[in-house]
Amino acid sequence: MSKFEEEIVANILADFKKRQEQRRPVELNWRLNMNFVVGNQFAEISPKGDITNVDRDYFWQQREVYNHIAPILETRLAKLARVKAHPIVRPATNDDMDVASASLSTKLIEAVCKENDFAPQLAQANMWSEITGSAFFKVAWNNSHGERIDSNGMREGDVEISLCPPFELFPEDISVADIDKQTSIMHVKVLTTAEVKKIWNKEVKGGEVNVFTFDRTQVAGGLGYSATLPSIVSEKREDSVAVIEKYEKPTKEYPNGRLIIVAGDKLVYMGDLPYTNGENGERTYPFARQLCLENLTSFFGTSVVERIIPVQRAYNSVKNRKHEFMNRIALGVLAVEDGSCDTDNLEEEGLPPGKILVYRQGSTPPIMLSPQQIPTEFSREEEKLLNEFTMISGVSEVTTYSQVPTNVASGSAISLLLEQDDTRISLTADSLRDCVKRIGQHILRLYRQFAKVPRVKRIVGENGEVETASFSCGNIESEDIVFDTVNEIEDTLSARRAMVYDLLRLGLFADENGRLPASTKAKLFEILGFGNWESGNDYQENHVKKARRENLDLEKKSVTPDVYDDHDIHIAEHVKLFVSSKCDKNKNLKERVSEHIAKHKELASLDAGVQELTRKFEGEDKVESEEI
């Protein structure tokens, strides 16, 4: 490497160590949260800045874990899994071409999410967000994806969505909450030397790098037994290096920003920020952030687990002290006069039935101390702590334990409890939606930047059918993303069906003749959760789709109508294109559309003449048969 490159690498490594120290207290909290979730709830942060386990003070000490954090976390994750967050691109204007462009953009986002297995990644992001408070997605352009364009294996490239745990992100200022206001962000991940060679064709020297993994620790147990608990520990991965990607925001010195990638001790890339994925074509970071709860004083969010840990510690302590008290009652406590008998034998064997107890003549024989009742304060404190779990987590007994509280008998009260649960978790759901919206915007902006030539992508059509669509950057005009429903958490299947049945009884779906159109029936079946039963054979919908495909073909060439077309439907769709602004700007397109519509009308008049002759002949045949 040159001296300049060595200075760049040294500055990057020094900056990385500085950011590590700055983030260490937050990272320790994440590791503590992870330990409490898996069940190692005797872990704590030591004064040395590491996670340690507190051992038992006495052999008889009760040290069991009564994990209430795990079911609370599972309940919250189950609720977040119902937030589908289907993005819809809203058209820029009411023009038919803008509507078609917005529809194509929506389907492109769905196709990219499907190709990248976004649903499983989102489930993992929910897990990271709930445990640590934050999760991140990286939306980049991968040149090794997409269809092949030559015999050398070169591909056209495509969007890649990858999940980034919060351990991989290092902001320049941890106190700045907005991701776009960070001056620079580091994305650090551990790769093997072979992976570095494959990606950047650079030979780097591997070593040992710390990563987190599962282990078991023997810190639990009770009187006469020991138990192990799962824990999160660090281990060393061999022949690996830390790959540091430093994204710098555009400045006067670097108007396009800067991306520097260091693998181990080598500079493997340095250049401008690669993506124009910001507002108005600006270059910015390719990351989208999802939070559990907003933290105004930190780049990273706050986790509900972090708030529950003190309550969980107190609950474990109360339960264990209660069981220790019960052990004393069950086993008893002996009072023995000094020197009156063999105390070692008593300690080993106790007082089993039929035991011959020998004690010194004239001394007081061993006696059992009278047992005491368990104080009622234990039960009271246990109940208070259970209520604190509900208050802090926002998850009630109805959803956590799948049972109604004993003091609640009213259906309205139960509904109110469920609604309160949904209200508390809606803040997290809103952050999830914002994250998905940002991902959708990045997808469209990347296609607008890199899809310069027309390309074909498999998309899902309106009837759930797989279709192929040809598009380029010119087809992507709007990036105004909204969502199709307000809140899927409250919108359960049973509530949706009840609402649809009520609207059907009111006749709000019927046309002016009191009948349900075929397209409306298909949509109702979809809303009720039965799929598109009737849309597959929907005659009108199929002709509308064919006419729209012809509209796209007419932009390039003339198209001849088919004799079996429903000419009225086709004419209606072609007239929409004819009166649009696209035809006003392109005279050749306008002439082709006009000629195509004229052919449809000609075929329609021929069909009408044939039908008239058919009716006439059928009428004459009927008269002749009656005369005979």
Side-chain angles (χ1 to χ4, degrees), residues 91-107 454 456-472 474-478 510-513 515-523 532 534-619:
T93 65
N94 291 329
D95 188 88
D96 287 340
M97 301 311 298
D98 286 339
V99 173
S101 173
S103 177
L104 174 64
S105 300
T106 301
K107 293 173 183 177
V456 177
K457 180 174 284 291
R458 296 176 64 192
I459 61 176
V460 179
E462 297 180 0
N463 297 325
E465 301 171 351
V466 178
E467 303 174 352
T468 57
S470 175
F471 71 97
S472 64
N475 300 118
I476 304 171
E477 299 179 358
S478 175
D511 57 13
E512 61 274 6
N513 298 321
R515 293 180 299 181
L516 287 177
S519 58
T520 304
K521 289 181 182 179
K523 189 64 178 177
N532 291 329
E534 295 193 357
S535 60
N537 296 320
D538 189 353
Y539 172 81
Q540 295 180 351
E541 185 66 24
N542 288 335
H543 277 287
V544 169
K545 288 169 56 181
K546 185 175 184 296
R548 290 175 179 174
R549 290 196 300 268
E550 290 177 354
N551 283 344
L552 295 175
D553 293 337
L554 284 169
E555 297 180 15
K556 307 172 186 176
K557 59 182 181 180
S558 298
V559 178
T560 303
D562 294 315
V563 293
Y564 51 79
D565 288 339
D566 189 317
H567 303 292
D568 293 336
I569 296 176
H570 278 251
I571 290 172
E573 290 298 322
H574 298 322
V575 167
K576 290 181 181 179
L577 175 61
F578 185 79
V579 299
S580 66
S581 58
K582 199 161 191 176
C583 279
D584 294 337
K585 299 175 183 178
N586 190 337
K587 293 183 179 180
N588 294 329
L589 173 61
K590 192 169 186 177
E591 290 177 359
R592 287 195 294 267
V593 174
S594 176
E595 181 183 355
H596 187 80
I597 293 174
K599 290 179 180 178
H600 270 298
K601 290 183 177 180
E602 182 180 351
L603 290 175
S605 63
L606 289 176
D607 288 343
V610 171
Q611 292 175 5
E612 182 65 27
L613 289 175
T614 302
R615 285 195 298 268
K616 181 178 179 181
F617 288 137
E618 287 178 352

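Heads up: numbering here begins at 1 and tracks the sequence. No hydrogens, no waters, no symmetry mates; every other heavy atom, side chains included, goes into these values.
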S.K.: Name all residues meeting the salt bridge (Lys or Arg N to Asp or Glu O under 4.0 Å) criterion together with Glu595; count only those two or more places apart in sequence or in a different chain, and write none if there are none.
M.R.: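 Glu595 satisfies salt bridge (Lys or Arg N to Asp or Glu O under 4.0 Å) with Lys599 only.
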S.K.: To the nearest 0.5 Å, tell me how far Lys556 NZ sits from Asn588 CG.
M.R.: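 If I round to the nearest 0.5 Å, the distance is 15.5 Å.
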S.K.: Name all residues meeting the salt bridge (Lys or Arg N to Asp or Glu O under 4.0 Å) criterion together with Asp553; count only those two or more places apart in sequence or in a different chain, and write none if there are none.
M.R.: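 With neighbours one apart ignored, the set is empty.
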S.K.: Do Lys546 and Asp562 touch side chain to side chain, with heavy atoms closer than 4.5 Å?
M.R.: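 A side-chain contact exists here, since the closest heavy-atom pair is under 4.5 Å.
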S.K.: Measuring only between side-chain heavy atoms, which start at C-beta, is Leu577 closer than 4.5 Å to Glu573?
M.R.: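 Answer no - side chains too far apart.
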S.K.: Measure across Lys590 and Asp584 and return the closest heavy-atom pair with its distance rounded to 0.1 Å.
M.R.: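 In this case the closest contact between Lys590 and Asp584 is NZ-OD1, 3.8 Å.
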S.K.: For Phe578 and Ser594, which heavy atoms make the closest approach, and how far apart are they?
M.R.: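 Taking Phe578 first and Ser594 second, the nearest heavy atoms are CE1-CB, 3.8 Å.
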S.K.: What's the spacing between His574 NE2 and Ile571 CD1 if we round to 0.5 Å?
M.R.: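 Answer rounded to 0.5 Å: 8.0 Å.
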S.K.: Relative to the ring of His600, is the ring of His570 parallel (under 30°), tilted (30 to 60°) or perpendicular (over 60°)?
M.R.: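 Correct class here is tilted.
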S.K.: Supply the atom-to-atom distance Ser605 OG to His567 NE2, rounded to the nearest 0.5 angstrom.
M.R.: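 Taking OG in Ser605 and NE2 in His567, the distance rounds to 9.0 Å.
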S.K.: Can you name the residues that form a side chain to side chain contact (heavy atoms under 4.5 Å, CB included) with Asp568, not counting sequence neighbours?
M.R.: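 Only Asp566 meet the side chain to side chain contact (heavy atoms under 4.5 Å, CB included) criterion with Asp568.
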S.K.: How far does CD of Glu591 sit from CG of Leu554, to the nearest 0.5 angstrom?
M.R.: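 Here the interatomic distance stands at 12.5 Å.
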S.K.: Mind checking the CG-CZ spacing from Asn551 to Arg549? Nearest 0.5 Å is all I need.
M.R.: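 The CG atom of Asn551 sits 11.0 Å away from the CZ atom of Arg549.
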